[in-house]
Amino acid sequence: MSSPFSLIKLLRQSLALAPWDLCKVFGNAEGGQMWAGVWELFHPSGVALMNGSGLHDSLKGEKDARQNGHEEADPGDDGNDQEVIVIQDTGFTVKICAPGIEPFSLQVSPQEMVQEIHQVLMDREDTCHRTCFSLQLDGNVLDNFAELKTIEGLQEGSLLKVVEEPYTVREARIHVRHIRDLLKSLDPSDAFNGVDCNSLSFLSVFTEGDLGDSGKRKKKGTEMEQIDCTPPEHILPGSKERPLCALQPQNRDWKPLQCLKVLTMSGWNPPPGNRKMHGDLMYLYVITVEDRHVSITASTRGFYLNQSTAYNFNPKPANPSFLSHSLVELLNQISPTFKKNFSALQKKRVQRHPFERIATPFQVYSWTAPQAEHAMDCVRAEDAYTSRLGYEEHIPGQTRDWNEELQTTRELPRKNLPERLLRERAIFKVHSDFTAAATRGAMAVIDGNVMAINPSEETKMQMFIWNNIFFSLGFDVRDHYKDFGGDVAAYVAPTNDLNGVRTYNAVDVEGLYTLGTVVVDYRGYRVTAQSIIPGILEREQEQSVIYGSIDFGKTVVSHPKYLELLEKTSRPLKIQKHKVLNDKNEEVELCSSVECKGIIGNDGRHYILDLLRTFPPDLNFLPVEGEEMPEECKKMGFPKQHRHKLCCLRQELVDAFVEHRYLLFMKLAALQLMQQKANKQESSIALENGASPENGAADSKRPESEDGKIDDSVTGLDQVKELAETIASDEGTVDPKSREVIRNACKAVGSISDTSFDIRFNPDIFSPGVRFPESSKEEVQDQKQLLKDAAAFLLSCQIPGLKIGISELITRSAKHIFKTYLQGVELSGLSAAISHFLNCFLSSFPNPIAHLPADELVSKKKNKKRKNRNLGNADNTAWASMTPQELWKNICSEAKNYFDFSLECENADQAAEVYNLQKITLLREISLKTGVQILLKEYNFDNRHKPTFTEEDILNIFPVVKHVNPKASDAFHFFQSGQAKVQQGFLKEGCELINEALNLFNNVYGAMHVEICACLRLLARLNYIMGDYSEALSNQQKAVLMSERVLGIEHPNTIQEYMHLALYCFANSQLSTALNLLYRARYLMLLVFGEDHPEMALLDNNIGLVLHGVMEYDLSLRFLENALAISSKYHGSKSLKVALSHHLVARVYESKAEFRSALQHEKEGYTIYKNQLGEHHEKTKESSEYLKYLTQQAVALQRTMNEIYKNGSNANIMPLKFTAPSMASVLEQLNIINGILFIPLSQKDLENLKAEVQRRQQLQESMKSGEQVEAEDKAVEEKEAEPSMPSAAIPLTQSSA
């Protein structure tokens, strides 16, 4: 049995409050748990990879005890040798003795803290109702925050006693909250309502429980007859029905066993003085399922019944009073139903997969929800109406100082791995807490529940402070953005700023600080939430800013310390140091855009803010007078006028452009070196292999010892790299001609240095109002050219690889209109307004009428008063006059103005018809983009007699939150190294690295995170390739659960995870589960994309193959033929994918003994293979063999038929071979279509491959472009699949892995 601590540690990491400045120690009682986040975070000895710190271990058993000792030097900065820490984590067993139950054994680890045993006991079925207790060893109370290894006398077999402790008001409240959480543990309402980081998961509905346990049972029952393969009607190919209710199937466990009718705080709280002196802490009011109304006193000694009623206060104990230390024990005494149902509920709770119940780091919202009963909930009510600003009732010193927490965590030491893990974990935790608090605050601001700090100003200009967070609205205050597009620019600026914050945080320069920033879109408004620089509110902005400009470049100042700090970011961010002129015509040096402001806070830290121009402008949307754009841009009609001037290139584009230039630089230099060498040797030796300038990089100098095996490019590019490094290191050994080569190549690609490749952008080029000194004229000209080249690169190289999504275009345009539409709506009319908008957008009903709030509720007096509060300038009822015609006209003009795309449709029906769109998909897209939550039911969009939506169908409106995602850098490096190893064929080493990455990810993020999901998916794939199917299943199950929880139940990644899990279920002989999962994936695909999508071909091939395996031939053909049609449409009828599709269809026809159809399809496949790969390719030969076999079978069948016709019942019939496909052959085909190719290699091949790979790695580094190893390519070309398990396997995984 593996230690339950790994689970508890992750639970704690998921819920723990983070550390703040070192002098404060908080515990968080949220959710009934008091987590010791700060102590553990500041115990470096205990942080490192404790017990594998992985939920994956707790669920796997001890089979793969962590291997922390592999010597992977950290890919980080200082190459410190003391990087990898080995923890000999030898667990031991202690006995726990708790009141009322038999003593039990518990495995613990020396690195754990006493606090974690508390968590185990609060999660265990038989001790979960205790919260207020101490653990004692030989009569001594153990310190909660002590590590077990530091406790004297604690060893194998020690007896720990659970001793009940007296309550305080705080402990009593924690106890009640914990009991409420236990009662609600199976109730999904928090997930539907988007609170407390709960989210939905439906995997267990389709696997009927945990795959690990039930898998063993299912294995026995794989007889064909027992499998019901029929898919629901709506997921069959060609079905036009798109039901919505199937998206969130009702889980059996959700109809929770009712334990109590009501548990709430009594109106008699708080106890009067004389009762406090008797030990009364608070009063509860309970109605049992048997309808017994009781009043309960929580006292220092426990809980008992008192004699109060709803109207009479009598705190004396009732008779009998049943004094119990735990509320559950008391309720067990007074209600038999409670006793029975509570026990059953806890049994079910502990059976759920841990990933179904751990909180996610950021809130995920659901766009649909079933109709829910609104039940009474004392904790929820208390949370809503106390001034609970993010836990302050549990924290000494009231509200949290977010800025101090965010900056202090960044200042933690980071010299070695344990320190970095500690630091990143602290940063991540504070950040997720800050995001949650900022989101709540932004909603409170828009809902009108926060007082402005400048209440006398116009509503648009108001600013707010709540919970130590500063909130501003996305409007152009004081014409700040007048030259950039006014309100439109002011709306875009916060997201640009957030991208800047994200980038500077990623560079992570010591001594340079950014603000905590979260951008929240809610009810049509954009709110920016920022942490507050100490002292900023007491000073004028002009006094504070000592670097940058507060008026877009008219007045500019600089500061040597800021230049020093920003220069450290300039290389990774590709920002050029440059000079601008200020209002006095003086030169001022900057290393950022002019808008970037530097402010030294009262805490002495150097802050930068307003990072909206961190990236260079996109000139395609910034026409500048007198500037000529490159030909590629002009051909496509660029530059185009845009509604704001803040369009900038994404970081990914800048990186891609620089990489493109780097390859160009290497090729140019190699070509010149080659020509130089050719000139030298012209008289003596002709160039080998007839080099020609066309393949410049490839035909460079070859070493004399070369025997022709190595690609020429290796040495040519290596030589350039070596030369560039030598020049950069300033050694005088380089001959002038070689220097000239590098200088020419640098000039040609626009490098700012003439001795090495170094491309940087000046972010102030083309900024309105920024002037440059005469001395920089040439440099500015070069920079302008570089920006034009980048704009052209975007159009000619990057965009052709993208496909325009019409539904995306329509829903984005609709979102823009919806934003301003909502701003004119009062809170009381919100659901009516949203349903009216959706009717105009999607319903076929020609004239929907909006229902205004009932007149008697809108008193004239109140209206006058509220006018000022309404942030929009529209009339409060103007929204009601919108018509479908008007809305679609606006959508078309918005698509034209914003995206320059002409939509050919006047209403939803035309859009659906012309562009083959689904209304349900458009509904999902607009709901996700705007935060709307609708009722889960079947909507009839095509009814022309009544509107689709009513106001009862609008359940909620959620915020759409954008924030920075702090990264686990070491874990990410391990993950990338693991991926690289896997691609090179070193599976075992890759697997170890990925396992280590999983460890580190868990250490930083807790149990739930999208990067952990990617890690688990790759691990599962590796387990599968290495033949460990059950381990693959276990890891992929976690990946699916996590993807559902952190990305959403119908996110495209989740759909892919379902497909992978189905494959591993099939390999584990769980055929009906595999089909259920594939059917679920197809349903989700249909809902999200519709049938006409290239990925649908892969999904249908999977379904068809599994159905073929269970001999459902007709059904199988429906899916396989659909896949063939889709592949032909998207990949062309001559592609290899289509050839494979033909082969799969032919196999099913063969099984049906319809040989003519089988031959027809296989011939098509054969022709494609022959034309694409040539007659001698293995694939062509295989197809040819199969054609011969089919022909023989067809001839034999015809002969038999003739015999029957001729001789009737006396015919002498030879038995025909009608074979059901073997599971192995189906699995082989499944592997091929899912991109998992097994390549058999002998030991010698393997050694050659490893040598080749190592030799190639230098080239790969120099070119930075992770090209596939040549040997891999050859292997794929020569052999695409092998049924037997090879001596080594290389997974040529698709991008999804």
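None of the values given here were measured: they were computed from a predicted structure.
Listed by chain and number, the residues in a side-chain contact (heavy atoms from CB on, under 4.5 Å) with Ala997 are Phe974, Phe975, Phe1001, Cys1015 (sequence neighbours excluded). With sequence neighbours excluded, the residues that form a side-chain hydrogen bond (donor to acceptor under 3.5 Å, both in side chains) with Lys1129 are Asp1092. Partners of Thr230 under the side-chain contact (heavy atoms from CB on, under 4.5 Å) rule, at least two apart in sequence or in another chain, are Asp228. Shown here are the side-chain hydrogen bond (donor to acceptor under 3.5 Å, both in side chains) partners of Asn1053, two or more places apart in sequence or in another chain: there are none. Every side-chain contact (heavy atoms from CB on, under 4.5 Å) that Lys1188 has, sequence neighbours left out, goes to Ser1184, Glu1185. Under the ring-ring contact (aromatic ring centres under 6.0 Å, His included) criterion, Phe941 pairs with no residue, sequence neighbours left out. Qualifying side-chain hydrogen bond (donor to acceptor under 3.5 Å, both in side chains) partners for Gln976, counting only residues two or more places apart in sequence or in other chains: none. Contacts of Gln1172 classified as side-chain contact (heavy atoms from CB on, under 4.5 Å), with partners at least two apart in sequence or in another chain: Lys1134, Leu1136, Ile1168. Partners of Glu1162 by side-chain hydrogen bond (donor to acceptor under 3.5 Å, both in side chains), not counting sequence neighbours, listed by chain and number: His1143, Ser1183.
Residue pairs meeting the salt bridge (charged side-chain N to carboxylate O under 4.0 Å, His left out) criterion with at least one member in residues 230-249, sequence neighbours excluded, do not occur. For residues 1067-1089, the set of pairs meeting the ring-ring contact (aromatic ring centres under 6.0 Å, His included) definition, not counting sequence neighbours, comprises His234-Tyr1083, Phe1089-His1093.
Of the possible donor and acceptor atoms, one in the side chain of Glu1091 sits under 3.5 Å from a partner among the backbone N and O of Gly238. Checking side-chain atoms of Gln248 against main-chain N and O of Thr368 turns up a donor-acceptor pair under 3.5 Å. In this structure, the side chain of Arg1017 does not engage the main chain of Ala1039 through any donor-acceptor pair within 3.5 Å. Gln918 places no side-chain N or O within donor-acceptor distance of the main-chain N or O of Ala912, the cut-off being under 3.5 Å. A donor-acceptor distance shorter than 3.5 angstrom exists from the side chain of Thr1200 to the backbone of Ala1196, with no hydrogens or angles considered. Not a single donor-acceptor pair under 3.5 Å links the side chain of Asn1234 to the backbone N or O of Ile1236. A donor-acceptor pair under 3.5 Å is absent between the side-chain atoms of Ser201 and the main chain of Glu1044, judged by distance alone. A donor-acceptor distance shorter than 3.5 angstrom exists from the side chain of Glu938 to the backbone of Leu244, with no hydrogens or angles considered. Panel note: side chain Ser1133, backbone Ser1128; no donor-acceptor pair is recorded below 3.5 Å.
Contact annotation: the side chain of Leu1061 approaches that of Leu203 to within less than 4.5 Å [non-hydrogen atoms, C-beta and beyond]. Residues Val1148 and Leu1107 are not in side-chain contact: their nearest non-hydrogen atoms beyond the backbone lie 4.5 Å or more apart. Counting only heavy atoms from C-beta outward, the side chains of Asn1202 and Gln1198 approach each other to under 4.5 Å. Side-chain contact between Lys1206 and Glu1203: absent, with no pair of heavy atoms (C-beta onward) separated by less than 4.5 Å. Using a 4.5 Å heavy-atom threshold, the side chains of Val1106 and Leu1230 count as touching.
Note that CE of Met1085 and CG of Leu1098 are 8.5 Å apart. Values are rounded to the nearest 0.5 Å. A distance of 12.5 Å separates CD of Gln1056 from CG of Leu1084, quoted to the nearest 0.5 Å.
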Please lay out, stage by stage, how Gln1036 and Leu1016 fare under the test side-chain contact (heavy atoms from CB on, under 4.5 Å).
-> CA-CA 6 Å; Gln1036 187 59 30; Leu1016 286 165; over 6 Å; no

Steps toward side-chain contact (heavy atoms from CB on, under 4.5 Å) verdict (Glu1175, Lys1181) | CA-CA 7 Å; Glu1175 271 189 56; Lys1181 288 179 187 168; over 6 Å; no

Quick one: do Phe1066 and Leu1078 satisfy side-chain contact (heavy atoms from CB on, under 4.5 Å)? Show the steps, please.
-> CA-CA 11 Å; Phe1066 186 88; Leu1078 287 170; over 6 Å; no

Can Gln1037 and His353 be said to form a side-chain contact (heavy atoms from CB on, under 4.5 Å), step by step?
-> CA-CA 10 Å; Gln1037 180 185 10; His353 194 289; 4.0 Å; yes

Walk me through it: do Asn1231 and Tyr1024 pass the test side chain to side chain donor-acceptor pair (under 3.5 Å)?
-> CA-CA 10 Å; Asn1231 288 334; Tyr1024 179 71; 2.5 Å; yes

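The two atoms that bring Gly1104 and Ser1116 nearest to each other are O-OG, 2.7 Å, heavy atoms only. Listed here is the closest heavy atom pair of Leu1033 and Cys1065: CD1-SG, 3.5 Å. The two atoms that bring Cys991 and Leu1019 nearest to each other are SG-CD2, 3.8 Å, heavy atoms only. Of all heavy-atom pairs spanning Cys229 and Val1110, the tightest one is SG-CG2, 3.5 Å. Summarising the geometry of Leu1071 relative to Met1223, their closest heavy-atom pair is CD1-CE, 4.0 Å, with the distance given to 0.1 Å. Here the closest non-hydrogen pair linking Gly1109 and Val1226 is CA-CG2, 3.7 Å.
Under a 4.0 Å N-O distance rule, the pair Lys988/Glu992 qualifies as a salt bridge. In summary, Arg1147 and Glu1150 do not engage in a salt bridge, as defined by a charged side-chain N under 4.0 Å from a carboxylate O.
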All N/O donor-acceptor pairs, side-chain side in residues 1117-1127, below 3.5 Å, sequence neighbours left out:
unit_1	atom_1	unit_2	atom_2	d
Glu1121	OE2	Tyr1149	OH	2.7
Asn1122	ND2	Asp1100	OD2	2.7
Ser1127	OG	Ala1123	O	3.2

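Note on ring orientation: taking the six-membered ring where Trp is involved, the planes of His1108 and Tyr1113 are perpendicular (angle over 60°, cut-offs 30° and 60°).
A cation-pi arrangement is present between Lys981 and Phe986, with the terminal nitrogen or guanidinium carbon under 6.0 Å from the aromatic centre and inside a 45° cone about the axis.
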